[in-house]
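Chain identifiers are assigned alphabetically (A, B, ...) following the order of the sequence lines, protein sequences preceding nucleic acid strands; residue numbering begins at 1 within each chain. This one's a predicted model, so the numbers in the text were calculated from it and none came from an experiment.
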Amino acid sequence: MADRYPFTKIEAKWQQYWEENKTFKAIDNLTDKPKYYILDMFPYPSGAGLHVGHPEGYTATDIFSRYKRMRGFNVLHPMGWDAFGLPAEQYAIETGTPPSIKTAENIATFKRQIKSLGFSYDWDREINTTDEKYYKWTQWIFLQLYKKGLAYQAEVAVNWCPELGTVLANEEVIDGKSERGGYPVIRKPMRQWMLKITEYAERLLDDLDNLDWSESIKDMQRNWIGKSEGADVVFPVDGFEDLSLEVFTTRPDTLFGATYMVMAPEHPYLQTITSAENRSAVDSYRQKAERKSDLDRTDLAKEKTGVFTGSYAINPVNQKRIPIWVSDYVLMSYGTGAIMAVPAHDTRDYEFAQAFELPIVEVVSGGDISQEAFTDIEDGVMVNSASQDGDFSIDGLKPSVAIGKTIEWLEKTNKGKAAVNYKLRDWLFSRQRYWGEPFPVLHDGDNSIPLSTSDLPLTLPVLERIKPSGTGESPLANAKEWLEVVDPETGKVFKRETNTMPQWAGSCWYYLRFIDPHNEDQAWDPEKEKYWMPVDLYIGGAEHAVLHLLYARFWHKVLYDLGFVSTREPFRKLVNQGMILGTDGEKMSKSRGNVINPDEVVAQYGADTMRLYEMFMGPLERSKPWNTSGIEGVYRFLNKLWRHFIDDSGELIQLSSEKPDAETLTVIHASIKKVGNDLDNLAFNTAISQLMVYSNHMRDLDTVPREAFETFVALLAPFAPHMAEELWSLLGHETTLAYQAWPVYDESHLTTKTVTLAVQVNGKVRAQIEIDVDADKDAVLKAAHDQAPIQQHVEGKTIVKEIVVPNRIVNIVVK
RNA sequence: GCCAGGGUGGCGGAAUUGGUAGACGCAGUGGACUCAAAAUCCACCGGUGGCAACACUGUGGGGGUUCGACUCCCCCCCCUGGUACCA
């Protein structure tokens, strides 16, 4: 394309200006302006560099930050690096390059790329999770959790991946294989640090209600927490005086339909209650289940399997003896690890009962249990549900009512009690890796001794070569000198922890560190925290919808309980940007060869075009494909603008000092209104289209009034800040546009004298009339009936009804 | 299976409380400029029929409510994301 505007020069000039003048420095505790904290999910600086997906969210927050500054807010808009993590460690193992070196290189690349887009970050607040000055405070927070009794160690059957030489979190295992690399994963018990997030389940659930997050994200979190209400019921085991099985059920109303019980293979009582003649079958089943991966136990296990234990339980409502089975469809990790099976009214039990020909007894009528389990709790009616002595009956009730009645009875007779269960499990908080935050604890045999704050940070030892320990422990097991600590007084030897923290740790609280990033005495200053928190707008990818946001909320609540933060929730408003797909409509990936490199886009079209295009593609939250000729469109828009106002010698053309005409005033004020409203709603695509309408209007004028152009430049500023600054200075202004007041619209210019109304006959548009605004009904109808096409369509018919919606539409109904 | 979000021209997408469907941009077609091309500028641009005026039709499919439905209600289909034996 010829005659391209000199974006390279302009962009470099203004980026330098902003940096030198610290234009975007956020001032703490500034009281004459309202504060606004706008946060991006900070990136993991991978070796591949920035991807066009990253700048989408960053552009959105940047435009919003610039807009908010022009609206008079004191904006905090920081950026940093979530730089611990497996890839750098894998790279170190393969090449010998220390993770710290590789990480620094990657950060430099990311930073250069991010800066090339002209984002208005306060770079003085840059943080890096791998910096010991940062992770000192990550360790400090761990100590707070530990002291509060929320961190504990447990032997947990974890996901051991022999290839990676590490244990993976559940979310890192997909279909029984490692998320990274796709290596097989097996279950192996190891000593692990756990965090008691389950203790906060209820609050994490309740406080979602007041957050300005999309319902879908809130729902994902609700589902993840997975609260179920029901009852714990005690079933005595026949022949074992002091042994009973406790089960959790959400359907205590169906107790009379419980025809057998099932224990998880790992259930601690299984061995005890197994009869001699069933022992070998049960043992072999249990051993088989132990070896099964999660994949085998879930996805591929279409067929129910199980073995009878030889023992019977007594159903507490009717004293019936029911067989106790063992099956892996019951999980030890949920509820009590044992269930009462009600095949008539539970799909899984139904399948199991059919497979093993166990009795199916209907206790809720309304379905057809010869075909499938009937699980509705609103439409059915309880039947066959009365004790023989007649002292308890729920017959005739709706199941949803019977649930409560049964719980009352269970509590009264001491056979059970109301109970709540969550799907949420405690958080497995350690990794067998080098490149993570070391745990600030010492081990003395089975005792753990936390370090004191004054001993922090506990830094990572510099290893000559990072290699797996081979034992399942992290490479830190190879660092003998670091590992052993000798008490100078007693000579006693303590051992350090070889586990390190997961990547989530650093990202759980970074938004707090941005508030006070250089504080060496505390994690953050409470006064600054009170001033800046909560984060007013948080934008990032939907891949963090559950875990990162749940973990961060959990830590935040703990910090709140300890008095370190002043808000119950960290992120007031959350928006997830959609994915940017390749030109083929597929997810961008190296293997598909459809990756767009932002560096090339910036080199070819400039940062302003890149920013504008990413926002013009469609609604922020939706996924949308990249289109190479689409970017030409916005590029053309900027070029036309430049050519229209800047002559060949680089000077501003002559603008008119006249007042804009009425039509132009309408465009100006309608644009101020629409662009502002759209920005408030993060509807960047429609805001940009309004700017195009505005610009097209100016193109059609013989001479452009200065007022029209200046207002336009101000509205353009958040979107294409480099060009806007340049035009602003060519307009003769000497200060940055960054804090220029956002234009104010005047409603009086938005109302015109006349309005065009559509006239419909039977709902079909047949004519248009131009009429005075707020003309009365009779005048409107008269004008309508004067239209030839209307007369034509009405002629010879009876007018049934005439509808006039003022300034909107006329509809004449005829028969 | 369950939960959430979507289906609008050739494409990305617009449409306040139900009130002229297709803003804006891309692609395409025709024209101007040019020796020519690129760039630029102007015009057209959902489909069918018609020289045209215009008519009919059209927002995943089928019903309904309404003077009027992309918008509200019911049923169904498809796509995307999440989740998956959670008792």
* Most 5' of R251(A) and R808(A) on RNA chain B, judged by nearest nucleotide -> R808(A)
* Structure fact -> The residue, V765(A) or T249(A), whose nearest nucleotide of RNA chain B is more 5′ is V765(A)
* Do you see a donor-acceptor pair shorter than 3.5 Å between the side chains of D349(A) and Y329(A)? -> yes
* **Side-chain donor-acceptor contact under 3.5 Å, E770(A) with T754(A)** => yes
Does a side-chain N or O from [X] land closer than 4.0 Å to OP1 or OP2 of [N], or not?
| X | N | answer |
| --- | --- | --- |
| R766(A) | rA53(B) | no |
| S228(A) | rA87(B) | yes |
| H345(A) | rA87(B) | no |
| N685(A) | rA14(B) | yes |
| R636(A) | rC26(B) | yes |
| K764(A) | rU57(B) | yes |

Go through [options] for me and flag the one nearest to the [X] side chain.
| X | options | result |
| --- | --- | --- |
| N811(A) | rG13(B), rG68(B), rG82(B) | rG68(B) |
| M220(A) | rC26(B), rA87(B), rG82(B) | rG82(B) |
| Y334(A) | rA87(B), rU20(B), rU83(B) | rA87(B) |
| T756(A) | rU20(B), rC85(B), rG19(B) | rU20(B) |
| F248(A) | rA14(B), rA87(B), rC24(B) | rA87(B) |
| Q768(A) | rG25(B), rU20(B), rA14(B) | rU20(B) |

Say you pick atom [atom1] in [N] and the same atom in [M]; how far apart are they, in whole Å?
| N | M | atom1 | answer |
| --- | --- | --- | --- |
| rC11(B) | rG7(B) | P | 14 Å |
| rC73(B) | rU80(B) | C1' | 26 Å |
| rG68(B) | rU57(B) | P | 14 Å |
| rG9(B) | rU48(B) | P | 15 Å |
| rU20(B) | rA15(B) | C1' | 11 Å |
| rG31(B) | rG12(B) | P | 30 Å |
| rA87(B) | rG13(B) | C1' | 46 Å |
| rU65(B) | rC74(B) | P | 15 Å |

Sugar-phosphate only, base, or nothing, as touched by [X] at under 4.0 Å among non-hydrogen atoms:
| X | result |
| --- | --- |
| V805(A) | base |
| N696(A) | sugar-phosphate |
| S689(A) | base |
| Q760(A) | base |
| T347(A) | nothing |
| P619(A) | sugar-phosphate |

* Can you find a heavy atom in the side chain of D346(A) that is under 4.5 Å from one in the side chain of R251(A)? -> no
* Decide yes or no for W213(A) and N576(A): does some side-chain heavy atom of the first lie under 4.5 Å from some side-chain heavy atom of the second? => no
Round to a whole Å and report the spacing from [atom1] of [X] to [atom2] of [N].
| X | N | atom1 | atom2 | value |
| --- | --- | --- | --- | --- |
| K423(A) | rU83(B) | NZ | P | 10 Å |
| E215(A) | rG81(B) | CD | P | 21 Å |
| I809(A) | rU17(B) | CD1 | C1' | 15 Å |
| Q792(A) | rA55(B) | CD | C1' | 11 Å |
| Q690(A) | rA23(B) | CD | C1' | 9 Å |
| E372(A) | rC2(B) | CD | C1' | 15 Å |

* R425(A) and S333(A): side chain to side chain contact (heavy atoms under 4.5 Å, CB included), yes or no, with the steps? -> CA-CA 8 Å; R425(A) 309 291 154 80; S333(A) 51; 3.0 Å; yes
* Is the base of rG9(B) syn or anti, where syn means the angle lies within 90° of 0? -> syn
* Charged N to carboxylate O under 4.0 angstrom, D232(A) versus K417(A)? -> yes
* Asked: Would you call D209(A) and R222(A) a salt bridge, taking side-chain N to carboxylate O under 4.0 Å as the test?
  -> yes
* To do: Tell me whether the centres of the aromatic rings in Y260(A) and F352(A) are closer together than 6.0 Å.
  => yes
